[in-house]
Amino acid sequence: MTDAVRVRFCPSPTGDPHVGMLRTALFNWAYARHTGGTFVFRIEDTDAARDSEESYTALLHSLRWLGLDWDEGPEVGGDHGPYRQSERGHISRDVIAKLAEAGYTYPCFCTTEELAERREIARKEGRNSGYDGHCRDLTEEQAAEYRAAGRTSVTRFRMPDQDWTWDDLVRGEVTFGSEHVPDFVLVRANGDPLYTLVNPTDDALMGITHVLRGEDLLSSTPRQLALHGALARLGIGTGEIPKFGHLPYVMGEGNKKLSKRDPEASFSHYEKAGFLPEGLANYLALLGWSPGNDVEFFSLAQMAEAFEISSVNANPARFDIKKCTSINGDWIRTLAPDDLAARIVPYLIEAQVLPLPPTDEQLDVLRAAVPHISERMETLGQAAGMVGFLFAGEPGCKPFEVDPDDAAKVLDDQGVATLEAARSSLESLESWTTEDIEFALRRALIDGLGLKPRLAFGPVRVAITGRRVSPPLFESMELLGRERSLERLAVVGN
Ligand code: GLU
Ligand code: ZN
């Protein structure tokens with residue numbers, strides 16, 4: 001045995017990946033990178049009815065998008081494959097046979113109705129309502145009778161009669177009394193192995209040293225410890241029982257567990273809305289961990305450098321979408337303008353603000369506009385509303401539109417007169433630069449018409465950009481160009 005760390009992320013590919021899952025992936029990745037260990041990615045597709053290929057693909061994409069690389073797993077391979085449970089049926093069947101032969105398991109013939117009935121009675125009598133061990137000691141004859149009567153059986157694990165204690169890497173000492181851990185099902189009646197079997201089996205066979213996973217799985221740990229014990233005695237796997245650490249719950253609105261139905265729970269939401277991988281990874285890390293000293297802004301590399309399981313907080317973490325968004329904004333402002341512009345482009349195409357492919361001139365305009373909008377951006381998706389006016393009306397782009405509410409607020413008679421004055425002051429401008437535009441407009445509207453800056457520039461802003469809130473006006477006019485600026489002042493003014 002070496003003491004090299006081997007951790008794993010082993011989601012079941014059902015539905016849209018969930019931010020809680022990716023938090024788990026992130027913490028495992030960080031621990032592997034911190035210790036120079038191995039990050040194993042394995043797919044627990046044990047539920048043919050619910051698992052889907054889309055979900056599998058989305059999982060791989062999500063990890064890659066976040067910047068989490070794996071050392072063993074789908075597409076990269078490794079010495080402990082295959083890494084999809086659906087391709088490990090032969091391994092599970094072998095383990096099931098060995099466990100049965102050594103007496104660690106037994107067939108249980110109870111029907112769902114019988115189990116429910118006995119559970120109900122136990123509950124009424126104030127007894128423990130877990131499986132009551134009904135089939136634990138059936139004789140061969142009794143089993144044969146059940147079979148003859150056409151009953152099928154599931155396979156149950158015979159739990160040793162003992163309390164279960166482990167030193168949780170996050171929560172400290174955790175104990176479950178034996179009465180809370182009844183014999184549990186490992187194999188369905190149709191022979192399909194369950195998560196309860198394959199998860200510890202694969203951990204054992206893959207030499208996993210640390211299991212970091214969500215707190216919702218805490219109550220399955222005693223069963224897994226028991227199964228690990230049996231596997232070790234049978235010589236299956238490395239014989240080393242992994243250490244367990246349970247990451248805190250992620251709470252959503254109203255202090256309820258973040259559920260799959262919460263829109264912010266779905267991972268794909270973040271990419272669609274234009275979060276940066278850097279920003280989302282940073283925020284996911286804060287769901288239970290921070291580097292200390294009130295530091296809340298850090299990169300994946302910095303997290304890997306600093307990550308210790310012992311500094312994971314056991315208290316529930318609150319998912320605060322505002323904070324997540326504001327951290328993303330901070331990340332946006334770390335990007336060089338050309339990088340930011342490049343990352344914005346797909347969102348502009350999606351919003352039909354830019355055509356596919358954009359022209360070189362359009363990309364130049366965007367790169368020049370980016371420094372003027374990055375201060376107010378929190379997601380890449382917001383860029384469409386901020387720079388759309390620069391491209392509006394060009395081939396393949398949306399037409400130019402003035403927000404009707406904004407127009408109603410500023411384009412009264414005086415507003416229209418202001419546009420007229422603005423246009424005639426600009427028509428004769430020799431050079432179309434920010435400075436000259438500003439100079440001419442100030443002279444015409446503030447000195448000439450005696451308007452306050454807000455009243456002077458509000459109508460011009462709406463005419464040029466379509467909105468009352470926009471990137472800086474004079475810069476915007478320079479970027480838009482003389483011809484189109486004058487045209488908008490004329491058209492909107494009419
Ligand atoms: N496939 C399990 C799940 O998605 C993994 C649990 C674990 O990490 O042990 O819940
Ligand atoms: Zn039974």
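Values reported hereafter were calculated over all heavy atoms of this structure, with side chains retained and with hydrogens, waters and symmetry mates removed. Indexing begins at 1, ligand by ligand and atom by atom, following the structure's order.
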Can the ring centres of F267 and W65 be said to be less than 6.0 Å apart?
yes
| query | Is the W289 to F307 ring centre distance short of 6.0 Å? | reply | yes
Item to check | Residues R88, D94: salt bridge by 4.0 Å N-O rule | outcome: no
For [atom], grab the closest protein heavy atom and report residue, atom and distance to one decimal in Å.
atom: atom 3 (C) of ligand 1; result: S12 OG, 4.0 Å
atom: atom 1 (N) of ligand 1; result: E44 OE1, 2.6 Å
atom: atom 10 (O) of ligand 1; result: L217 CD1, 4.1 Å
atom: atom 8 (O) of ligand 1; result: R8 NH1, 2.8 Å

* To do: Could you please compute the angle at the Zn ion (ligand 2) from SG of C110 to SG of C108, rounded to 10°?
  =>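 An angle of 110° at the metal.
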Taking Y283 as the fixed residue, which of F275, F319, F298 is the one that meets the ring-ring contact (aromatic ring centres under 6.0 Å, His included) rule?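 Between Y283 and the candidates, ring-ring contact (aromatic ring centres under 6.0 Å, His included) is satisfied uniquely by F319.
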Note: L300 and A281 closest approach over all heavy atoms is CD2-CB, 3.8 Å
Under 4.0 Å from one or more heavy atoms of N199, ligand 1 contributes atoms 5 (C), 6 (C), 7 (C), 9 (O)
* **the Zn ion (ligand 2) reached by C135 (N, O or S, under 2.8 Å)** =>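 For C135, the answer is yes, given that an N, O or S atom comes within less than 2.8 Å of the Zn ion (ligand 2).
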Open item on the list: Suppose we only count N/O/S atoms under 2.8 Å; would Y131 qualify as near the Zn ion (ligand 2)?
Closed with: yes
Note: Y195, heavy atoms under 4.0 Å from ligand 1, region reported as side chain
Do the numbers put R156 on top of the ring of Y131, so that NZ or CZ is under 6.0 Å from the six-membered ring centre and no more than 45° off the axis?
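Checked: cation-pi criterion met.
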Gap between atom OG1 of T105 and atom CD1 of I96 - 0.5 Å precision: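 The distance works out to 8.5 Å.
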Taking both backbone and side-chain atoms of V211, is any N or O found less than 3.5 Å from an N or O belonging to ligand 1?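 N/O-N/O distance below 3.5 Å does not exist for this pair.
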